[in-house]
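Numbering starts at 1 and runs along the sequence shown.
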Amino acid sequence: MEKRKGFIFDLDGVIVDTAKYHFLAWKKIANGLGIEFTLEHNELLKGVSRVRSLDIILELGKVEASQEDKDKWLLQKNEDYLSYLVDMNETEILPGVMKVLKFLKENNQPIALGSASKNAKPILEKTGTLAFFDVIVDGNDVVNAKPDPEVFLQAARLLNVANEDAIVFEDSVAGIQAANIAKMISIGIGEETTLHEAEYIFKDFTEISSTFLELLINK
């Protein structure tokens with residue numbers, strides 16, 4: 001009988017690169033408030049909730065705002081972001097991701113999405129990847145943002161696998177920390193300098209071989 005693990009994927013920056021759309025939407029809000037917002041600033045928002053992201057931007061510009069204004073800007077940001085997603089398709093899937101998803105599916109490994117995004121389902125639908133996921137846990141299902149492990153704990157429970165049998169693919173420091181706190185195997189997708197707390201690190205999914213995935217399954 002082949003072994004059964006649980007594979008949990010973050011969405012933004014792991015399966016698809018929607019980070020650029022978040023950046024454009026936040027930049028529009030920031031610039032409208034007279035705040036300079038660069039790609040460097042955008043790094044501060046990685047893996048952070050929408051509410052906290054806005055607070056960080058306001059802090060950058062030393063802007064005080066009422067809750068009413070904040071709510072208005074949060075809504076505006078999401079509407080702008082969604083407008084960028086309209087034309088999304090399978091070309092947005094990051095290199096090597098499909099090969100890994102197909103391998104896991106063919107080997108009967110349960111797959112979950114564990115993302116802070118509240119737009120996860122429409123993104124998976126537009127990119128044609130929804131059918132690969134047995135379970136979806138997104139920003140609509142959890143209260144606590146990463147590095148709190150809530151999103152991954154919920155995904156593992158729904159996949160019916162023990163935490164130590166769960167494998168998490170993440171591109172953010174907060175996401176890697178969440179996986180480590182949950183005692184799951186953490187795999188960083190991105191730069192080693194940033195994701196050094198991960199158990200394994202790959203620049204992207206093209207570096208992940210079938211042999212490596214087999215080792216994880218049989219670990």
Side-chain angles (χ1 to χ4, degrees), residues 9-94 97 113-127 129-130 136-152 154 169-178 188-191 193-195 204:
F9 292 76
D10 178 41
L11 179 64
D12 296 345
V14 173
I15 291 173
V16 289
D17 183 16
T18 50
K20 59 190 172 193
Y21 300 133
H22 285 294
F23 171 66
L24 290 171
W26 281 126
K27 186 174 172 62
K28 194 173 167 186
I29 294 288
N31 293 168
L33 296 168
I35 302 168
E36 188 196 1
F37 188 66
T38 64
L39 280 166
E40 224 164 282
H41 294 139
N42 195 51
E43 285 297 306
L44 301 170
L45 311 188
K46 261 200 173 176
V48 173
S49 72
R50 201 185 301 171
V51 173
R52 179 69 193 123
S53 293
L54 178 60
D55 284 339
I56 290 169
I57 289 169
L58 294 176
E59 285 161 19
L60 284 172
K62 299 184 172 52
V63 172
E64 297 283 325
S66 66
Q67 193 55 51
E68 196 181 343
D69 278 340
K70 286 184 182 181
D71 291 343
K72 183 181 74 185
W73 296 329
L74 288 169
L75 198 64
Q76 181 63 53
K77 186 265 169 182
N78 198 45
E79 283 172 4
D80 288 338
Y81 171 68
L82 291 175
S83 74
Y84 295 126
L85 298 186
V86 171
D87 300 322
M88 250 191 136
N89 57 38
E90 65 280 359
T91 63
E92 303 274 354
I93 301 166
L94 288 166
V97 171
L113 188 85
S115 166
S117 171
K118 291 194 170 180
N119 305 296
K121 265 209 178 105
I123 290 171
L124 294 177
E125 279 168 358
K126 283 181 176 296
T127 53
T129 51
L130 187 61
I136 291 171
V137 183
D138 64 15
N140 300 299
D141 306 308
V142 294
V143 177
N144 302 302
K146 301 165 190 173
D148 189 290
E150 182 186 6
V151 67
F152 296 146
Q154 205 168 313
F169 296 95
E170 259 288 353
D171 74 320
S172 73
V173 175
I176 294 296
Q177 289 170 342
I189 303 294
E191 297 301 326
T193 45
T194 314
L195 303 174
D204 60 33

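- Atom CD of residue Glu79 and atom CG of residue Leu74 lie 11.5 Å apart, to the nearest 0.5 angstrom.
- Inspection of the Ser172 and Glu170 side chains reveals an N or O donor paired with an N or O acceptor under 3.5 Å.
- With rounding to the nearest 0.5 angstrom, the OG1 atom of Thr18 is 9.0 Å from the CG atom of Asn119.
- Atoms CG and NZ, on Leu39 and Lys27 in that order, are 8.0 Å from each other to the nearest 0.5 Å.
- In this structure, OG on Ser66 lies 8.0 Å from NZ on Lys72, to the nearest 0.5 angstrom.
- Summarising the geometry of Ser117 relative to Asp12, their closest heavy-atom pair is CB-OD2, 4.4 Å, with the distance given to 0.1 Å.
- Atom NZ of Lys77 and atom CZ of Arg50 lie 6.0 Å apart (nearest 0.5 Å).
- Closest non-hydrogen pair, Asn31 versus Phe37, comes out as ND2-N, 4.1 Å.
- Residues Glu59 and Arg52 are paired through a salt bridge, judged by an N-O separation under 4.0 Å between the basic side chain and the carboxylate.
- In this structure, Leu54 and Trp26 approach most closely via the heavy-atom pair N-CH2, 3.8 Å.
- Side-chain contact between Val16 and Met88 is present, with heavy atoms from C-beta onward closer than 4.5 Å.
- Side-chain contact check for Leu33 versus Leu58: some heavy-atom pair is nearer than 4.5 Å.
- Residues Lys118 and Asn140 approach most closely at O-ND2, 3.3 Å, considering heavy atoms.
- By the ring pair (Phe, Tyr, Trp, His ring centres under 6.0 Å) test, Phe152 pairs with no residue at all, sequence neighbours left out.
- A salt bridge does not link Lys126 with Glu90: every distance from a Lys NZ or Arg NE/NH1/NH2 to an Asp or Glu carboxylate oxygen is 4.0 Å or more.
- Taken from CD in Glu92 to CD1 in Ile123, the straight-line distance is 9.5 Å, to the nearest 0.5 Å.
- Heavy atoms of other residues, nucleotides or ligands lying less than 6.0 angstrom from CD of Gln67 number more than 12.
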With side-chain contact (heavy atoms from CB on, under 4.5 Å) as the test, would you mind laying out the steps for Ile57 and Ile29 before giving the verdict?
-> CA-CA 9 Å; Ile57 289 169; Ile29 294 288; 5.6 Å; no

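- Residues Ala120 and Leu113 approach most closely at CB-CD2, 3.5 Å, considering heavy atoms.
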Apply side-chain contact (heavy atoms from CB on, under 4.5 Å) to Asp148 and Val143, showing your working.
-> CA-CA 10 Å; Asp148 189 290; Val143 177; over 6 Å; no

Could you list the donor-acceptor pairs under 3.5 angstrom formed between side-chain atoms of residues 80-87 and any protein atom two or more places apart in sequence or on another chain?
from, atom 1, to, atom 2, distance (Å)
Asp80, OD1, Lys28, NZ, 3.4
Asp80, OD1, Gln76, NE2, 3.0
Asp80, OD2, Gln76, NE2, 3.3
Tyr81, OH, His22, NE2, 3.3
Ser83, OG, Asp80, O, 2.5

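- Under the side chain to side chain contact (heavy atoms under 4.5 Å, CB included) criterion, Asp171 pairs with Asp10, Val14, Lys46, not counting sequence neighbours.
- Between Asn89 and Thr127, every side-chain heavy-atom pair lies at or beyond the 4.5 Å cut-off.
- Pairing each heavy atom of Asp17 with each of Leu94, the nearest pair is CB-CD2, 3.8 Å.
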